[in-house]
Amino acid sequence: MSGHQVSDQWRARYAGSLMNTFGPPKLVLERGAGARVWDTDGNEYLDLLGGIAVNALGHGHPALVEAVTRQLSTLGHVSNFFTTGPQVELAEKLLALVDPAGRGTPGKVFFTNSGTEANEAGFKLTRRTGRTHVVVAEGGFHGRTMGALALTSKEAYRAPFEPLPGEVTFVPYGDADALAAAVTDRTAAVLLEPVQGEAGVVVPPADYLATARRIATEHGALLWLDEVQTGMGRTGRWFAHHAAPGLAELGGPDLVTVAKGLGGGFPIGALVGLGDAADLLQPGNHGTTFGGNPVACAAALAVVATIESEGLLEHVTVLGRRLRDGLAADPRVSEVRGEGLLVGLDLVADGSAAVAEVAQARGFIVNNPTPRRIRLAPPLVLSAADVEEFLAAWPAILDEAIGSASGASGSVGE
Ligand SMILES: *Cc1c(COP(=O)(O)O)cnc(C)c1O
């Protein structure tokens, strides 16, 4: 560790030149390798957030570097008046991964540059059903553009920008009765995250997605799953909804949105339409300049190939279990949730900001999405040794941030 002088200079220039949408940056990062990153003062960190579930292959993975470099030096961009091999290959690959059983009509893909844009495209697609009502879960996060924000419940995000488009009904997440009561024959779509990420990794009852499918089908509405955070192997399956009992038998989702981990850090998102939903967007209905860019598609193909060749789904499952068990062992942790390497935990009292701050000072990057919750979404290439290193440091991080284990049941500092 060698201080923060260089980073502080960048911070001052940041404050003078970037819009203050994110608050002051916690770190000024310079380079990365695997699950490690270094700041501009040479301090090393174990990256347990992975760019918020983005850096699936960690930092600087040779397969990703090679794929992007090769594609950029071959053909870096074309307009969507044209197509490229990587674009078509990635669409086919994504369809096979989202819908491995290949149920019914083949699906189709629309590529974007981000999760928000994938959801924006999905929102527009739902209008092509001829209906305008969408049912969404409270606590869900679907993005920040006006359309995606209309589908996002958090009042602090929405209030400054109202009126937002759309007839949107919010229902408590995981509550099948509330969903059944909200969906009508005027509903275009039900939009849900299989696990709520930004909310702090909230897992619904096991039968929730299958029930949502049944309710949507009953009313002729689309079932749309936002897998922007949970998709691409994050939970130990290609898509989190693959673990939902009974969902596939009922036909699976109509729409799946993907981004974050898809490009392993290269910006790319996708709207996947399955069955009849695949053909709702027609020529002129939507567009993008960068979406489906060959470099982004080559990056995503490399991510998929590497997850396959390095057996990362199994790796993620094993590591996630060890990580959750280890974290839950501390009495100052009241609950640990999640699947694979999407992990959320509740502290027995508020204090997650202090925990994240202390963890960072000790060389671990974690996220505090709510005052009591910590979220981890590390690179899928995290090693077993990395996990043990963090678990060994965890009790002392809590000691410093919120007080000793013996005092935890009573007066943990708020
Ligand atoms: C991050 C996220 C988004 C927004 O994606 P961006 O790439 O930031 O636009 C949408 N939905 C979910 C579930 C997310 O986690």
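Order of appearance sets the numbers: ligands from 1, and atoms from 1 within every ligand.
- The side chain to side chain donor-acceptor pair (under 3.5 Å) search around E193 returns none, not counting sequence neighbours.
- In the vicinity of N119, heavy-atom distances shorter than 4.0 Å reach the ligand 1 atoms 10 (C), 11 (N).
- D254 and R213 are joined by a salt bridge, as a carboxylate oxygen and a charged side-chain nitrogen come within less than 4.0 angstrom of each other.
- Among protein heavy atoms, the minimum distance from atom 14 (C) of ligand 1 is reached at K260 NZ, 2.9 Å.
- Between the side chains of H241 and E227, at least one donor-acceptor pair of N or O atoms lies under 3.5 Å.
- Salt-bridge formation is not detected for the pair E198/K154: no Lys NZ or Arg NE/NH1/NH2 atom is positioned less than 4.0 Å from an Asp or Glu carboxylate oxygen.
- Close contacts of ligand 1 with T116, meaning ligand atoms under 4.0 Å from a residue heavy atom, involve 4 (C), 5 (O), 6 (P), 9 (O).
- Here I52 has no heavy atoms under 4.0 Å from ligand 1, in either its backbone or its side chain.
- Shown in contact with S114 at under 4.0 Å from a heavy atom are these atoms of ligand 1, numbered in order with element: 7 (O), 9 (O).
- Shortest contact from atom 11 (N) of ligand 1 to any protein heavy atom: D226 OD2, 2.8 Å.
- Of the protein's non-hydrogen atoms, the one nearest atom 12 (C) of ligand 1 is F141 O, 3.2 Å.
- Counting protein heavy atoms only, atom 7 (O) of ligand 1 is closest to G115 N, 2.8 Å.
- Polar contact check, A259 against ligand 1: no nitrogen or oxygen pair lies under 3.5 Å apart.
- Interface of E193 with ligand 1, defined as ligand atoms under 4.0 Å from a residue heavy atom, comprises 13 (C).
- The list of salt bridge (Lys or Arg N to Asp or Glu O under 4.0 Å) pairs with a residue in residues 117-131, not counting sequence neighbours, is empty.
- Polar contact with ligand 1: present for Q229 (N/O pair, distance under 3.5 Å).
- Aromatic ring pairs are classed by plane angle as parallel below 30°, tilted from 30° to 60° and perpendicular above 60°; the pair F239 and H242 is perpendicular.
- Ion pairing between a basic and an acidic side chain is recognised when a charged N comes within 4.0 Å of a carboxylate O; E389 and R36 show such pairing.
- Contacts between E117 and ligand 1 below 4.0 angstrom, taking non-hydrogen atoms only, are absent altogether.
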Walk me through whether D279 and K108 qualify under salt bridge (Lys or Arg N to Asp or Glu O under 4.0 Å).
CA-CA 7 Å; D279 297 312; K108 303 269 175 67; 2.9 Å; yes
